Amino acid sequence: MLKIDNLSVHYGGIHALQGIGFEVPDGKIVTLIGANGAGKSTTLKAIIGLVAASSGSVSWNGEDLTGMMTKDIVKKGVVLVPEGRRVFPNLTVDENLSLGAFSRTDKPVVASDRDKVFSLFPRLKERMKQKAGTLSGGEQQMLAVGRALMTRPKLLMMDEPSLGLAPLIVKMIFDIVREINKEGTTVLLIEQNAKAALEVADRGYVLETGRITLTGTGKELLADDRVRSAYLGEAG
Amino acid sequence: MPMELSTFFQQLANAMSLGSLYALIAIGYTMVYGILRLINFAHGDVFMLGAYFAFYAITLLAMPWWIAFAVALGLTAVFGMGLERMAYRPLRDSPKISVMISAIGASFLIQNLGVVIFGGRPKSFPSIPLFDTVVRFGPVSVLSVSLFIPVVTLVSLIVLLYIVNQTKTGLAMRAVSTDLDAARLMAIDVNRTVSITFGIGSFLAALGGIMWTMKYPQLNPLMGVMPGLKCFIAAVIGGIGNIQGAVLGGFILGALEILIVAFLPELTGYRDAFAFVLLIVVLLVKPAGLLGKAQAVKV
Ligand SMILES: Nc1ncnc2c1ncn2[C@@H]1O[C@H](COP(=O)(O)OP(=O)(O)O)[C@@H](O)[C@H]1O
Ligand SMILES: [Mg+2]
């Protein structure tokens, strides 16, 4: 279980996270929704050690992750599909996938995981030798997810995977999130596309300017008037 | 002025060996820049250290030349890694200007420590028969080291490209140089990767330094300044961040310098200025360098 407690992050004078707390229980899909600039990405970056927390703690299965280096956090099975995908454009699809498995030493299993990624995303197999920079946005997102799966995540965190993608691809990505989760991977999903996220999530949290203002099951939040008016574009 | 064929070959041999030396040093600039977007101003001084390490290993420790060279290469590589550790790593997340000041400071520090420890007076490199025999091809005569230099450079380049493109370490280097945070998310040990990059760059600088002192057999603590500056220019001309570009830039610079001095001797006094003129011309025509890709500035 991932447990965030009273987490604060500053960027210079900006207090981006102002003491947030939430939990991601094993085997669940939890989503964090919020407007642009609310602090969603900062939350994920703080969990995985890309930005330093100014106070509070992040613990994973009882172990404190605060202050740990990103590579060590990733080795513990906490994996991030970053905002904007961040595939390596000058490397091939194949090399990008190899990087996902960079720290793994179980070669035969890595090979079978690669096959599995290709069966989830046949498009990636066709484009295996192609530079990632030449892929379409949707293909790059598939690659970003595939690359993360190559790390064998226990907790998969995704930062706005649907951003800028065609509805069909968004649906495909969410279907795969569901499937990954069914196979036992815990998911922490961040979205501005609140409806899609709340529909797959067991639990949701609403983040507003660095604070959590609302929480409930996915269904509860979908039905909540404040959520409906602020994030689902419906009159309250 | 009628050009003798033998003169041409003579100068071609000179150009090949000077170009090779420039290429070896330029690779270090380009690799470090590629991975950290940092101009390692101390790189020329690392080159100087490589030469001195070899010098002392032979003269002071009486080692056979090949052991002395191996020791010097190893020591210089370790020195380069230490330099990164002390002068650059603490500033990894600081503004670029701080890192640049640190690089310039490191360069002055090494030069001045060199003057204090090695002495400011030039030293002459001991003679090694294998490398300082004069070889004649008809009317063309060259120092044997000049024949070794292009070969050593070519082999180094092949090994380097193999490491960068075919090994796991190389994959990590390419990932770190593209996107530092994304590389961290791949569980890559960024510090280790940067360290290896400095190690390789410094190793090649030492290789260049040792061969340089055999070709121009004098050492002084400031001997790295001019080659360092020129090779930085070579790296920029070729497209900084690009290994093949650095080699190309090194050869162009070396060849041009030799050929201009040989065939327009009245311009010899401006020899060191050619590099800068060439730099300006190339940057005007191709701002990203000959093999560099136009790149949006990272913010
Ligand atoms: N590197 C940074 N430097 C300064 N401010 C930042 C940085 N990254 C994010 N911020 C600020 O922190 C706040 C939260 O940003 P972010 O976590 O990216 O929000 P979200 O992902 O919810 O859109 C915003 O006000 C943003 O401007
Ligand atoms: Mg964001």
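Residue numbers start from 1 in every chain, and the chains themselves are labelled A, B, ... in the order their sequence lines are given, proteins ahead of strands. These figures come from a predicted structure and were not determined experimentally.
- For chain B, the option among Arg147(A), Lys75(A), Lys45(A), Met69(A) with the highest count of heavy-atom pairs below 4.5 Å is Arg147(A).
- More than 12 heavy-atom neighbours from other residues, nucleotides or ligands sit within 6.0 angstrom of NZ on Lys168(B).
- Annotation: Met81(B), atom CE; neighbour count of heavy atoms from other residues, nucleotides and ligands within 6.0 Å is above 12.
- The interface of residues 186-195 of chain B with chain A, defined by heavy-atom distances below 4.5 Å, comprises Met186(B), Ala187(B), Ile188(B), Asp189(B), Asn191(B).
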Show me the donor-acceptor pairs, under 3.5 Å and distance only, between side chains in residues 8-19 of chain A and residues at least two apart or in other chains.
residue, atom, partner, partner atom, Å
Ser8(A), OG, His15(A), NE2, 3.3
Ser8(A), OG, Leu17(A), O, 3.3
Ser8(A), OG, Gly19(A), N, 3.2
His10(A), ND1, Ser54(A), OG, 2.8
Tyr11(A), OH, Thr42(A), OG1, 3.0
His15(A), NE2, Leu17(A), O, 3.1
Gln18(A), OE1, Arg211(A), NE, 3.3
Gln18(A), OE1, Arg211(A), NH2, 2.7
Gln18(A), NE2, His15(A), O, 3.1

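- Atom-to-atom distance recorded for Arg174(B):CZ and Leu99(A):CG is 8.0 Å, nearest 0.5 angstrom.
- When side chains are defined from C-beta on, Asp181(B) does not count as touching Pro82(A), because their heavy atoms never get closer than 4.5 Å.
- Heavy atoms of Leu80(A) lying under 4.5 Å from chain B belong to its backbone as well as its side chain.
- At most 12 heavy atoms of other shown residues, nucleotides or ligands fall within 6.0 angstrom of atom CE in Met100(B).
- Using a 4.5 Å cut-off between heavy atoms, Arg104(A) contacts chain B through its backbone alone, with no side-chain atom that close.
- In terms of heavy-atom pairs under 4.5 Å with chain B, the best-connected choice from Asp72(A), Thr151(A), Asn90(A) is Asn90(A).
- Within 6.0 Å of atom CZ in Arg85(B), 12 or fewer heavy atoms from other residues, nucleotides or ligands are found, so the atom counts as exposed in its surroundings.
- In terms of heavy atoms, Phe88(A) sits closest to Ala175(B) at CE2-O, 3.4 Å.
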